[in-house]
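This structure is a prediction, so every number in the text was calculated from the model and none was measured. Nothing fancy with the numbering, it's 1 onward along the sequence.
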Amino acid sequence: MSYINDDFLLGNDVAKELYDGHAAMMPIIDYHNHLNPRWIFEDYRFPSITEVWLGGDHYKWRALRANGVDERYITGEADDWDKFLAWARTVPYTMRNPLYHWTHLELKRYFGIDELLNENSAAEIYEHCNKLLARPEYSVRNLLRMMNVERLCTTDDPVDTLEYHKRLREEKFDIEVLPTWRPDKVMNVESGEEYQKYIQQLSQAADVDIVSFNTLLDALRKRQAYFAEAGCRLSDHGLSIFPSGDFTDKGLEVVFAKALHGEAITPGEADLFKSGMLYYLAVMNHEQGWTQQFHFGAIRNNSKRLFDRLGPDIGCDSIGDDGVAAQMSKLFSRLDNEGQLAKTILYNLNPKDSEVLVSMAYNFNDGSVPGKMQYGAAWWFLDQMDGMVKQLNVLSSFGLLSRFVGMLTDSRSFLSYPRHEYFRRILCNLLGEDVEKGFLPASEIPFIGQMVEDICYNNAKNYF
């Protein structure tokens, strides 16, 4: 029997029934990822498995460095074969890391490979994958079709032209490719010249002369309308912590004016500005009728050596350790009290915050829509078997698992969609174990099956 077989991760008959009869058939709505829309529009063809699989994948880069592989074979000048061989030699050492499962799921689902990847099998697998990638049916669009992707939402800056989203929409491409509003750069008021340059870009994109905080809001609203016209339905906010500074409109004007004139911003001023900026961004999300997502808890670019050499997003981020409850309560209570709270999904990176987040989210549901504010999928370092099970258990204990909007890839890779299958198998196994142990009634398997379908697809379709 092959390693990735029909019963992979499914430990009992009920789990198999739930997966085979319900989860497996559901289309994918990937409502948060970092895919390149240009590649989708151009229907890009990857020249090698190395580019599509190892290019930009900071999960694999971290593992390679931990295995003693020189940077030349990771992000450096080594050729595609040498980089692939370095990864093949590393894979056996990733056992019990999610990369081991993901690697073999991806080889199986996209390329039909049952053989384990290691140094001995590397050449044959490399040649096989590259031959397939040379075929038209392995273009980017067809890779998405293989996994039954129905809709995906990329991550886009307010200054983005959204050219390729618009062209895909005009073409009526059969998979819906929508932008997501990600205004993180407008928060970074303390970043000096970099911030000034960004405000200039935003001014040009919005055709608004940004000379004050009020005109900054005007420009952002104009860009939000532009995103909405392109089909945007979600915002996403990446935060290291939730800011909590007490702000006034006058104070925001003062800090923003200092930033525009290149004056140094103190930590207190930065916190005040970010607190006010996040509040107004959330108000705008509500005005648009969008769902807002908050990803928080990362401490980024920890290795100055690698950041100076390679820049951000190269595998040197980790879990932060700051408090969150009071800051979140302050923001969401004000929005809720003012009738300005949009549908909201919260994601944490530090597992210590899981119970805090789900209990906080449920303070603000108002009966207007199921799961209006909810606890999101296991994110980043928590996106593995143990993390997913804990996320599902915490959500079940404190809230309604049945209303959960399900999994996402959060990935830059077009080969990452088996992660949805991974999640679905874990979900079905968890519920199957509950039935087997008598924690859930066997007589309710039809309802549980429907719940699985809802979590895998229907809830997201209805929510967004």
State, with a plain yes or no, whether a side-chain heavy atom of I241 is found less than 4.5 Å away from one of V324. no
W87 six-ring centre to K60 NZ/CZ under 6.0 Å and within 45° of normal: yes
Minimal non-hydrogen separation, L408 against A377, with atom names: CG-CB, 4.5 Å
For the pair K16 and D7, find out whether any cationic side-chain nitrogen is under 4.0 Å from an anionic carboxylate oxygen. yes
Any Y164 side-chain heavy atom under 4.5 Å of I40 side chain: no
Would you compute the distance between atom CZ of R45 and atom CG of L143 and round it to the nearest 0.5 angstrom? 10.5 Å
Ignoring hydrogens, what is the shortest heavy-atom contact between N142 and P136? Give both atom names and the distance. ND2-O, 3.1 Å
Evaluate the side-chain contact (heavy atoms from CB on, under 4.5 Å) criterion for residues H22 and M451: first the C-alpha distance (whole Å), next the side-chain angles of each, then the deciding distance (0.1 Å), finally the verdict. CA-CA 9 Å; H22 299 278; M451 182 170 77; over 6 Å; no
Taking only residues two or more places apart in sequence or in another chain, which ones pass side chain to side chain donor-acceptor pair (under 3.5 Å) with Q224? N285
Are T90 and N67 linked by a side-chain donor-acceptor pair shorter than 3.5 Å? yes
Spatial distance of atom CZ (F423) from atom SG (C428) [nearest 0.5 Å]: 9.0 Å
All N/O donor-acceptor pairs, side-chain side in residues 393-405, below 3.5 Å, sequence neighbours left out:
from : atom 1 : to   : atom 2 : distance (Å)
N393 : ND2    : V389 : O      : 3.3
S396 : OG     : L392 : O      : 2.6
S397 : OG     : N393 : O      : 2.8

Minimal non-hydrogen separation, I125 against I113, with atom names: CG2-CD1, 3.7 Å
Taking G320's backbone N and O only, do any of them form a donor-acceptor pair with N350's side chain (distance below 3.5 Å, no angle check)? yes
Give a yes/no verdict on a cation-pi contact between K343 and Y463, requiring under 6.0 Å between NZ or CZ and the six-membered ring centre and an angle within 45° of the axis. yes
Just checking, is any N or O donor in the side chain of D30 or N33 under 3.5 Å from an acceptor N or O on the other one? yes
Look up atom OG1 in T155 and atom CG in L35, then write down how far apart they are to the nearest 0.5 Å. 8.5 Å
Got a sec: does the NZ of K197 have more than 12 other heavy atoms crowding it under 6.0 Å? no
To the nearest 0.5 Å, atom CE of M147 lies from atom CD of E106 at 9.5 Å
Any chance you could lay out the side-chain contact (heavy atoms from CB on, under 4.5 Å) test for M407 and C456, step after step, and finish with the verdict? CA-CA 7 Å; M407 196 54 188; C456 293; over 6 Å; no
Less than 4.5 Å apart, side chain to side chain, heavy atoms only: is that true for P183 and R223? no
side-chain contact (heavy atoms from CB on, under 4.5 Å) with E150: which residues, sequence neighbours excluded? P27, I29, Y457, K461
If I take atom CH2 from residue W81 and atom OG from residue S48, how far apart are they, to the nearest 0.5 angstrom? 11.5 Å
So, are E163 and R167 salt-bridged, with charged N and O less than 4.0 Å apart? yes
Has the side chain of N462 got a donor or acceptor atom that lies under 3.5 Å from a matching backbone atom of N458? yes
Quick one: do M328 and V356 satisfy side-chain contact (heavy atoms from CB on, under 4.5 Å)? Show the steps, please. CA-CA 10 Å; M328 282 195 298; V356 173; 4.1 Å; yes
Would you check if V52 and C129 make a side-chain contact, meaning some heavy-atom pair closer than 4.5 Å? no
Do you see a donor-acceptor pair shorter than 3.5 Å between the side chains of S235 and Q292? no
When you measure from the side chain of T266 to the backbone N and O of E269, does any donor-acceptor pair fall under 3.5 Å? yes
One pair to check against side-chain contact (heavy atoms from CB on, under 4.5 Å): F296 and L346. What are the steps and the verdict? CA-CA 8 Å; F296 81 95; L346 301 177; 5.7 Å; no
Are E51 and K83 within salt-bridge range, i.e. N to O under 4.0 Å? no
Among T409, D156, D410, D313, the one residue meeting side chain to side chain donor-acceptor pair (under 3.5 Å) with H34: D410
Residues which pass side-chain contact (heavy atoms from CB on, under 4.5 Å) with E124, listed by chain and number, not counting sequence neighbours: E115
Note, S329 side chain near N363 side chain (heavy atom, < 4.5 Å): no
Count the heavy atoms of every other residue, nucleotide or ligand shown that sit under 6.0 Å from CG of D6, and state whether that count exceeds 12. no
Determine the sole option in Y110, F111, F414 for which the ring pair (Phe, Tyr, Trp, His ring centres under 6.0 Å) test with Y138 is passed. F111
Find out whether the Lys NZ or Arg CZ of R109 is both under 6.0 angstrom from the six-membered ring centre of Y417 and within 45° of the ring's axis. no
For T154 against L152, the heavy-atom pair lying closest together: CG2-CD1, 3.8 Å
Just by distance, do the side chain of S191 and the backbone of N188 share a donor-acceptor pair under 3.5 Å? yes
Please indicate whether K390 has more than 12 foreign heavy atoms, meaning atoms of other residues, nucleotides or ligands, lying under 6.0 Å from its NZ. no
Return the set of residues passing side-chain contact (heavy atoms from CB on, under 4.5 Å) with R65 (not counting sequence neighbours), or none when no residue passes. W61, E71, I74, T75, L306, L310, I314, C316
Might you point out which heavy atoms bring N348 and L382 nearest each other, and give the distance in Å? O-CD1, 3.6 Å
Side chain to side chain donor-acceptor pair (under 3.5 Å), paired with E421, selected from R424, R419, R425: R425
Whether Y3 and F8 hold their rings parallel, tilted or perpendicular, with breakpoints at 30° and 60°: perpendicular
Classify the angle between the aromatic ring planes of F46 and Y44 as parallel (below 30°), tilted (30 to 60°) or perpendicular (above 60°). perpendicular
I need the L357 CG to M360 CE distance, nearest 0.5 Å. 8.0 Å
What is the ring orientation for F332 with F294, classed by angle as parallel under 30°, tilted 30 to 60°, or perpendicular over 60°? perpendicular
In chain order, what residues pass the side-chain contact (heavy atoms from CB on, under 4.5 Å) check against T180, with sequence neighbours excluded? C153, L234, D236, Q293
With a sphere of 6.0 Å drawn around CD of E171, does it hold more than 12 non-hydrogen atoms of other residues, nucleotides or ligands? yes
Pairwise side-chain contact, K185 with E194, heavy-atom cut-off 4.5 Å (strictly under): no
Provide the closest heavy-atom pair for D174 versus R145 in the form atom of the first, atom of the second, distance. OD1-NH2, 2.8 Å
If the threshold is 4.0 Å, N to carboxylate O, is there a salt bridge linking D70 and R72? no
S121 backbone acceptor or donor facing N118 side chain under 3.5 Å: yes
Flag the pair W102 / Y59 as yes when their ring centroid distance falls below 6.0 Å, and as no otherwise. yes
Hey, are K274 and E190 close enough for a salt bridge, meaning a charged N less than 4.0 Å from a carboxylate O? yes
Can you find a heavy atom in the side chain of T103 that is under 4.5 Å from one in the side chain of L117? yes
